[in-house]
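Single-structure report; data block below.
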Amino acid sequence: MEAAAGGFGSHPNLIDSGNAWALQRLLGQPHRPRDQIFLHACEDATLGLRLSPDGASTRLEVIFWGVLQMVRLHIAPLYPQAIMAYVRACQPVNGGFGRSAGAIATLEGTFHAVMIAAGLSRNPLLQTLTGA
């Protein structure tokens, strides 16, 4: 599922890539420079991070995997304000977070939102949970 231009998946995307990068880390494999290029190609001034470089959408799990990899590579996202604006848009008035704006809040969505905020602030919580 390795893409020559970076990322992983039959159509390379941040979710498949994030899972593959986590497996690579567990197996002690080094990151590939082209994956960092792929990661940067997914950055977007409006959404923060898109599902894929040519994509026009995102979800909290997409942003989670992108931010997680950025923390592991010790790089900062280009659009942290856009990321947090998207995260805030995913929070309904009754609390928690959905995977996208207007979605029902779930524990998974809330986990992703908390981890994104921890990653952007370089909070030790992220390192504790991920070993990053």
In chain order, what residues pass the side chain to side chain contact (heavy atoms under 4.5 Å, CB included) check against [X], with sequence neighbours excluded?
X	result
I104	none
P77	E43, M70, P80, I83, L120
D16	N13

Could you tell me the separation between the [atom1] atom of [X] and the [atom2] atom of [Y], rounded to the nearest 0.5 Å?
X	Y	atom1	atom2	result
I63	M115	CD1	CE	14.5 Å
S57	L51	OG	CG	5.5 Å
L60	S100	CG	OG	8.0 Å

Determine which pairs satisfy salt bridge (charged side-chain N to carboxylate O under 4.0 Å, His left out) with at least one residue from residues 96-105, sequence neighbours left out, and list them in order. E61-R99
Candidate pair R32 and E2, rule side chain to side chain contact (heavy atoms under 4.5 Å, CB included), full reasoning: CA-CA 11 Å; R32 305 171 314 156; E2 225 176 320; 2.4 Å; yes
Does G7 offer a backbone N or O that forms a donor-acceptor pair with the side chain of D35 under 3.5 Å? yes
Ring-plane angle category for F64 and H112, please: parallel below 30°, perpendicular beyond 60°, tilted otherwise. tilted
Please give the remaining members of the hydrophobic cluster of I37, linking ILVMFWY side chains under 4.5 Å, ordered by chain and number. none
Cluster membership besides Y79, Ile/Leu/Val/Met/Phe/Trp/Tyr side chains within less than 4.5 angstrom, sorted by chain and number, is L78
Side chain to side chain contact (heavy atoms under 4.5 Å, CB included) between T46 and Y86: does it pass, once the steps are laid out? CA-CA 9 Å; T46 302; Y86 187 85; over 6 Å; no
Under 6.0 Å between the ring centres of F97 and F111? no
